[in-house]
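Residue numbers begin at 1 in each chain, while the letters A, B, ... track the order of the sequences.
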There are 2 protein chains.
Amino acid sequence: MAAGKPKMLSKRQRELIAKALSDPRRVEILKQIGSGNCVACGDIRARQDVSAATLSHHMKELEMAGLIEIAREGKYANLTLRRDVLRAYLDHLAAI
Amino acid sequence: MAAGKPKMLSKRQRELIAKALSDPRRVEILKQIGSGNCVACGDIRARQDVSAATLSHHMKELEMAGLIEIAREGKYANLTLRRDVLRAYLDHLAAI
DNA sequence: TCATCAATTCGACAGTTATCGAAGTATCAA
DNA sequence: TTGATACTTCGATAACTGTCGAATTGATGA
């Protein structure tokens, strides 16, 4: 089964990920993205009571951390969870 | 081995853990505690360039999150990593 | 008792961040 | 072209947080 190549994260990226995961709302967003295959920002707004501006801000944080990928298509932004990155982060912490 | 009983964390505790892990210095401290069996605050200060006040603050954060246990003995504080709690947190995130 | 040492608490400050409304930028449809 | 939709950027604000020095508490030893 597809263990895939073990991904290496820089110290810097691990810090960004930890920071990204420290906000409950972002974790919720991440779960929502992970539950579907590909989600648009609008779908998320429909479930999270948050302004478009705030949501956009969170998306940027998640993207900078490398936890999601944002594929802009026309006026939509399709979001996908980078499971390999999340996995690498968890693996690192598990080694403590 | 000893997978032990799977530990259940409340949403609240998961948030505290995520917050605790979001500061790089706290992660370092956690690693240091995890590397030995039982460490005193002084040992940590010896390696982390930080004031006693700041260190004490971080310890409280880690303890509140449930990530460490602080056993006070005389004038020393002996710290142990709660691996079961960390594991439970990681397991939860892995389920995303 | 007195001095010392380990750790905590307090008060303050600087830097960060989650949040919003408003304005801006594309995109698409009529 | 006009209007609507989807998201982003900007500016501001309130709340939070990491940090320290100083004062405090509690234990130990001379």
* Does the side chain of R45(B) get closer than 4.0 angstrom to OP1 or OP2 of dA7(C) through an N or O atom? -> no
* To do: Would you please confirm or rule out a distance under 4.0 Å between OP1 or OP2 of dA6(D) and any side-chain N or O of R72(A)?
  => no
* Members of residues 13-20 of chain B that approach DNA chain C, where some heavy atom sits under 4.0 Å away -> none
Any side-chain heavy atom of [X] within less than 4.5 Å of one from [Y]?
X	Y	result
L30(A)	L81(A)	yes
S51(A)	T54(A)	yes
L67(A)	I17(A)	yes

* Mind grabbing the angle between the end helix axes of the helix from dT1(C)-dA30(D) to dA30(C)-dT1(D)? Five pairs an end, 10° rounding. => 20°
Validation: residues 84-96 of chain A side-chain donor-acceptor distances under 3.5 Å, sequence neighbours left out:
residue : atom : partner : partner atom : Å
D84(A)  : OD1  : R82(A)  : NE           : 3.2
D84(A)  : OD2  : R82(A)  : NH2          : 3.1
H92(A)  : NE2  : R14(A)  : NE           : 3.2
H92(A)  : NE2  : K31(B)  : NZ           : 3.2

* Considering all heavy atoms of both residues, which atom of A20(B) and which atom of A65(B) are nearest to each other, and what is their separation? -> CB-CB, 4.0 Å
* Closest approach of R26(B) to S22(B) (non-hydrogen atoms, all atoms of both residues) -> NH2-OG, 4.4 Å
Spacing of [X] atom [atom1] relative to [N] atom [atom2], expressed in whole Å:
X	N	atom1	atom2	value
M59(B)	dT17(D)	CE	P	18 Å
I44(B)	dA6(C)	CD1	P	14 Å
N78(B)	dA6(C)	CG	C1'	12 Å
L62(A)	dT8(D)	CG	P	12 Å
Q48(A)	dC7(D)	CD	C1'	17 Å
I70(A)	dC7(D)	CD1	C1'	10 Å
R26(A)	dA18(C)	CZ	C1'	8 Å

* Asked: Sequence neighbours excluded, which residues qualify as salt bridge (Lys or Arg N to Asp or Glu O under 4.0 Å) partners of K75(B)?
  -> none
* Summarise how protein sits on nucleotides 19-28 of chain C as a single string, 5' to 3': B when a protein heavy atom is under 4.0 Å from the base, S for sugar-phosphate-only contact, - for no contact. => BBBB----BS
* Give, for atom CD of E69(A) and atom CG of L79(A), the distance between the pair rounded to the nearest 0.5 Å. => 10.5 Å
* Path from M64(B) to L62(B) over hydrophobic side-chain contacts below 4.5 Å -> no
* Asked: Which residues satisfy the side-chain contact (heavy atoms from CB on, under 4.5 Å) test with Q48(B), sequence neighbours excluded?
  -> R25(B), E28(B), I29(B), Q32(B), I44(B), V50(B)
* Asked: So, E15(A) and K11(A), do they make that salt bridge, N to O below 4.0 Å?
  -> yes
